[in-house]
Amino acid sequence: MIKFVLMVNRQGQTRLSRYYHSVELSRRAALEADVVRYCLSRKKDQCSFVEYKDFKLVYRQYAALYIVVGITDSELSIYELVHNFVEVLDKYFSRVIMFNLDRVHIILDEMIQNGHIVETNKSRILAPLTTIDKMVDS
Amino acid sequence: MSDVVEKTLTALPSLLSLDSHPGSAKLSSTSKLGNLIRGITELTSKHEEEKLIQHELLAIKEQVSSPNTTMRQMKELMVRSIYCEMLGYEASFSYIHAIKLAQQGTVLEKRVGYLAVSLFLNESHELLLLLVNTVLKVGVGLHNIHHTMPKREFRIFDCRVLCSQDLQSTNLIEVCMALTVVSQMFPKDMIPAILPLVEEKLNHPKEIIRRKAVLALYKFYLIAPNQVQHIHNKFRKALCDKDPGVMTASLHIYLQMIQENPEAYKDLTPSFVTILKQVVGGKLPMDFNYHTVPAPWLQIQLLRILSLLGKNDQSTSEVMYEVLDESLQRAEMNHNITYAILYECVKCIYTIHPKSHLLEKAAKCIGNFVLSPKINLKYLGLKALTYVVQQDPKLALQHQMTIIECLDHPDLIIKRETLELLFRITNGQNVTVIVEKMLEFLCISEDDHTTIDLVGKVAELAEKYAPDNEWFIETMNTVFSLGGDMMQPDIPNSFLKLLSEGFDSVEEDRKLRLFAVNSYIPLLRGEPGKLPQRFLQVISWVLGEYSHLREDLEPAEVLSLLAKLLDMKNSSSETKSWVLMAMTKLCKGGADASVTQEVSETYSSSLDTVLRQRAHELQYLSQDPELRARVLPRGAKPETLEVDSSLSFLDRFVSEALAAGAAPYKPPHQWQEELDQSKALSLEPYGLSLPISMSSCSITDRQSPTLLSMSSGLSGDSADLSHKGGSSALKLDGIKRVWGREGYLAQREPVEEAAQVEVPSPIQSPGRQGEGDSLHSQTPTQTPTPEPEQEKQQLASSLFVGLASQSSVSLMGKSEPTPQRFRRKAKGQGLGSSFNANEQISSSLISPPSAVDNLLCNNLLDSNNSSELAEQTSQLSQSLTTANGTCHAEAELTESDTKGCNPALRRDNCVVAAGPGPHNDPGRLTEVCLDSYLPAELSGLSHSEIAPLCANQSLNLSACHVQKEDSLILVVFIMNSSESAIQQMLLQVDSEELEVSCLCNSLAGEVTSHSVAVGQYSLTVKRPAVHVEVVGTVSYQLPAGTSQSLQFSYKVPLTSFIRPFVVSTEEYGTMWLSFSHDTKQNLTLINDNQEPLTATLNALKKKLQLHVVEVIGMEGIVACRLLQDLPCLMHCRVNAGWLAVWLRSPVPDLPDCLIYHCQRALQSL
């Protein structure tokens, strides 16, 4: 079960957050800061899974960007899911993705729903979005 | 690393890059969002950020409400709002515009509108629905809603309208979007309105629509399983869909359903196996691959489903052995994702019925994980080991040196996981070393959650395996110091309980208590200000009770040490009250008088009423030694306290007040719900809520006086429920009992209380063996090894001692088996009845099976038509249990006799389990014979099939449940299948949904070879759920001294708890009004030649033991109760070919659960 997906930079600023269980808006900032602090404090040679409260964090670093997923089980498969997600982003966006918050969300929505992985096939993940793009262009 | 990864890595820094790229087709940083993001990135303080965002929000607010804003601009504004909310700043003004955008925008704008809706809103509560419905009924359109309603109320309504519009759209992408948002968030009460539209999409030619429709159904199943109960066949169709994506989507539903009830889906095992085989065999299209591995997440999902299906089920497990073997072999590539699959595979193999060659392979696989240089894999390896060591402790031995390395790993996460593993393999011989390691970790850990968890584990191990008193007390002192005030309160409670209840030897009790006193005095002389409050409370209590055991210690000194605690400024008033109580026990007058006098004077004017009371007690009792000796007798055993949580002593007061015209008490939630309901009644826009006319009962007067007694009785019940388990005898121990069932007890003779003190019951703890501190005095190994290596080996030998029966595996000589010294008392059974009841061993139950019984079983098995007979028998007995509403045991027996069924056959329901197959499996045979171990008083009653729970090399656990008129009895059979006796057997049973109380526990601690011990538990429902489950642990020691435990779970259908509830129509009417939880649903009517209503009600009565109160015309009222006293009323009405039912109960969730079972019952006809 996935509790949330976060994208943060090295300064700890949230770039994207998606929660799959209800967390009050007011508590999110504190949670995110805490989570980021945990992950940033870890060294490269340390384990990518961190125990945090009653769940676990799986994190991956891509240059200055951290993707952190809060989960309750199956660490390694989520670790690879993050990479799959990044590969999908890579396939869709030619360059800058950060100013396309909406599209990143749309992609993520195709992959994870209700805290479960619902699609991992890259072309199928992107199909709805590319269709929309085509309609907008024409 | 693959090319893909490198490409990704080069591309990703652009995630943060702020340069604008004019060539990019997508939004660039010159956009307003870009400006915002850049602005925020450049900020240095939180304050600046807040200022910037507030400014931004104002600008957005202004623009969204402008009539000139285009949808395209609106989309951009919404993304900026999303960004602001993401940073924690509420942008609630934009919610309505998000909905508007989803409604009016074109493709991308619409999608962003939906996205914003799903990010902004949550599935709020029922109150909103009412308003939504009201609005709908009076026909207020969307355009003026936001002027008349507070911001959250319109959400659900809009979602539904939107979705249904878009669902009916001919534009595929719009349908797709609508389904996506439906599967993300949907109000459960609106499901029926949209369900037909979603169902229709299941047949859509496009796979993506079918897939999303299945995911929407999954969402419905998650939030309201009974709403989609009737379309299970569609789930099956989705599972068989030709598109792998649709099939994968249906697995989410199946995983969920199988978790809840694996029995119902066993028939699908071959299908899941076939699917996995095809996936593993590479039959899916290439684009399902991830790094050349075919659909890895799908494989993982299937493995999870299989492990749920194969758990405790040999025949189902056998179906999957082959594919598991294949999965292990195929996943050989060295990539993380294959390890993720392997991990799941290993877990599955260790969960299902064991198969030796698979276990070997899985063990080897775990080895690869543990030995991997990759730290993530090592972590996973430790996790896998932790999972499997309970079944196979030898695996830990194989990897002992790796485990030791991990124990010293610089990464705390690895260390922590290693401790978790060690915790699982702790026994009497290695406890000191393992606890030492855990305490070391606690000293360096800064995480509160870890501290709380580990402290609890140390305390558990200390109680279970303490080698001697001194160690135990010292360990607990460390636990209290480190755990501080964060730890679970039951740790100090059970520690004090253990001290006060004592063991079988008076001398031992004295020693233990003296150790405690001796260790506390120096702590108080030192710097008590540094100790946590909880610890000070424990110290105060122990000194108050037992400091007299130390002869060289003057009470005056203890008193002054305690008085010092009162003066510390950081002492909480709770601690102070513990201290005052302790002083009350110690003061004797004379020399102590001045201290106590001073203290009692200080606190007798305290603002804290508890402290003031304690101070007065101290004052009076210190002046009257005779009274004190009677009130606080020294060395008294803890008495059993009865807490009257229903406050029955107030009954007279309440009835007088009611007679005088006071309004009956209702708990706040009931008020709220009644408020909701009174509104709910007026609106039925979707034709779902049933037009109910309760002609048979008068509903008009909601405040009718007959209601009074009922509702006050109910509130008493709910108080009972909420207090259960909370009656810890400990805290009140030694305090005078002032309130009792009959009211204030002050006038009663104190002597009587002393007489109530229970005689110490013989505790199962075995006699003391030599002061085994052998662990500390290890002899070094003979082989000359380098220093550090030798240290590690020593550590290894002390950690892994006692894990294997043959000593050769452990590196050093084995120690003497250490008996378990302390034993945690059963939780939630504060009366201490559960395990002290051991003296009531019924010897007949643990004696070997009698020859007669064996003969009977064998004969049955040998008879050719045994299975047929058995089937007949079980059918018969089933119909018997349900046929006569009252469920009298005697009645059943006689009836079965009159029907000419051989009573001997009838008793043996479980012949079905044995089946017509070959009889060479000894395990099966014992199952059959277990029937004869059923306690005599239960043997006449009908019981469920005796189901095997779990087994290992020494124990076979089975269980069944027996329905009695006023209770449901769970019988657990523990068969020692090994050749040697098993000692210190301890069975603990617990449940989240049920109240479990031990009736009779024949577990004497020792179970001889090939005999069976039986535990009986009475189950009642405390929180209704569709399926209820009890979980249990058997812990025991093998003759070799190794402690083992075996966990099991047992599912009981909620239907077993249902009993008819005989009430009159008038009583029914009164109750109906006072019950606050309800649900409504349409059920299928049975249309045979009979009258449909009567036929359906009779079927329900027969299946579920409901009581039909009255049937008038097209309406019927039915009542039942869930053991013990959870009533549920049902009003049925024939309406347009359906049976419209309305259920009400004072218990939350009960109506929903019952409707589920009604549906099931009618379906299975």
Side-chain angles (χ1 to χ4, degrees), chain A residues 7 9 11 13-18 22 25-26 28-29 45-51 53-54 62-65 74-77 79-81 83-84 86-87 90 93-103 105-106 109 113-114 116-124 127-128 131-132 135-136, chain B residues 4 7-9 11-17 21 24 26-29 31 33-34 37 40-41 79 82-83 85-88 90 107-108 111-112 115 122 173 176 180 183-184 208 215 219 222 245 249 252 287-288 290 296-297 300 336-337 339-340 343 375-376 379-380 411 413-414 416 449-450:
Chain A
M7 290 168 94
N9 68 9
Q11 287 79 47
Q13 286 168 325
T14 308
R15 292 306 197 191
L16 176 137
S17 69
R18 184 65 149 139
S22 67
L25 197 61
S26 52
R28 289 185 186 181
D45 60 345
Q46 290 189 316
C47 183
S48 312
F49 317 128
V50 191
E51 308 218 1
K53 301 214 164 134
D54 55 344
Y62 296 93
L65 184 81
S74 65
E75 295 88 344
L76 198 56
S77 81
Y79 184 73
E80 285 307 306
L81 181 79
H83 194 69
N84 195 32
V86 167
E87 285 177 4
D90 199 42
F93 294 101
S94 49
R95 287 286 297 173
V96 187
I97 68 165
M98 218 53 255
F99 304 119
N100 291 286
L101 183 64
D102 48 347
R103 285 187 164 83
H105 264 298
I106 292 170
D109 278 358
Q113 273 180 3
N114 299 303
H116 296 285
I117 306 169
V118 294
E119 186 60 87
T120 53
N121 177 330
K122 291 189 184 72
S123 45
R124 289 186 173 201
T131 318
I132 291 176
M135 289 170 81
V136 171
Chain B
V4 190
K7 186 184 163 213
T8 313
L9 284 175
L12 270 163
S14 59
L15 277 167
L16 295 166
S17 136
H21 287 274
S24 167
K26 313 289 175 330
L27 272 180
S28 76
S29 64
S31 69
L33 176 70
I37 296 177
I40 286 170
T41 313
V79 180
I82 293 176
Y83 197 85
E85 276 225 339
M86 187 187 79
L87 294 178
E90 199 183 276
V107 268
L108 184 58
R111 182 65 184 87
V112 172
L115 172 69
N122 55 14
I173 203 76
C176 194
T180 306
S183 47
Q184 281 173 327
I208 187 164
L215 289 174
K219 179 69 181 177
L222 283 180
H252 290 290
D287 61 349
F288 283 89
Y290 173 77
W297 291 278
I300 288 168
N336 270 336
I337 196 66
Y339 284 109
Y343 174 74
I375 187 138
N376 287 344
Y379 171 88
L380 229 52
D411 190 348
I413 300 296
I414 299 286
R416 174 80 180 78
H449 202 270
T450 311

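Here is the naming used below: chain letters follow the sequence lines, and residue numbers restart at 1 for every chain.
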Atom group of [X] that falls short of 4.5 Å from chain B, counting heavy atoms:
X	answer
A:Asp54	both
A:Ser26	neither
A:Gln113	side chain
A:Glu51	both
A:Ser22	neither

Where [X] and [Y] come nearest, the two heavy atoms and their spacing:
X	Y	answer
A:Asp102	B:Val112	OD2-CG2, 3.8 Å
A:Ser77	B:Ile300	CB-CD1, 3.5 Å
B:Asn336	A:Leu76	O-CD2, 3.3 Å

#### Entry: Reference residue A:Gln46; test side-chain contact (heavy atoms from CB on, under 4.5 Å); the match among B:Ile413, B:Ile375, B:Asp411
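The side-chain contact (heavy atoms from CB on, under 4.5 Å) with A:Gln46 is passed solely by B:Asp411 among B:Ile413, B:Ile375, B:Asp411.
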
Taking atom [atom1] of [X] and atom [atom2] of [Y], what is their separation to the nearest 0.5 Å?
X	Y	atom1	atom2	result
A:Phe49	B:Ile414	CZ	CD1	9.5 Å
A:Ser48	B:Asn376	OG	CG	3.5 Å
A:Asn84	B:Ile337	CG	CD1	8.5 Å
A:Thr131	B:Ile208	OG1	CD1	7.0 Å
A:Arg18	B:Met86	CZ	CE	12.5 Å
A:Thr120	B:Tyr290	OG1	OH	10.0 Å

### Message
Closer than 3.5 angstrom, by distance alone: can the side chain of B:His252 be matched with the main-chain N or O of A:Ile117 as a donor-acceptor pair?
### Response
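The answer is yes, because a donor-acceptor pair under 3.5 Å joins these two groups.
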
### Task
Determine whether the side chains of B:Gln184 and A:Asp109 contain a donor N or O and an acceptor N or O closer than 3.5 Å.
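Indeed, the side chains of B:Gln184 and A:Asp109 share at least one donor-acceptor pair under 3.5 Å.
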
### Full working for side-chain contact (heavy atoms from CB on, under 4.5 Å) between A:Arg15 and B:Thr41
CA-CA 10 Å; A:Arg15 292 306 197 191; B:Thr41 313; 3.1 Å; yes

### Task
Look at B:Phe288, B:Tyr379, B:Trp297 and state which one has the largest set of heavy-atom pairs under 4.5 Å with chain A.
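Result: the option with the highest number of such pairs is B:Trp297.
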
### Query
If you tally heavy-atom pairs under 4.5 Å against chain A, which of B:Leu115, B:Val107, B:Asp287, B:Leu380 wins?
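The candidate making the most pairs under 4.5 Å is B:Asp287.
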
### Query
For chain B, which of A:Met135, A:Arg28, A:Gln11, A:Gln13 has the most heavy-atom pairs under 4.5 Å?
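Most pairs with chain B among the choices: A:Gln13.
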
### Task
Pick whichever of A:Ser17, A:Cys47, A:Ala29, A:Pro128 has the most heavy-atom pairs under 4.5 Å with chain B.
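Option with the greatest count: A:Cys47.
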
#### Entry: Minimum side-chain heavy-atom gap A:His105-B:Val79 below 4.5 Å
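No, too far: nothing below the 4.5 Å cut-off.
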
### Query
Heavy-atom distance under 4.5 Å to chain A: side chain of B:Leu222, backbone, both or neither?
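When you check distances to chain A, only side chain atoms of B:Leu222 fall under 4.5 Å.
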
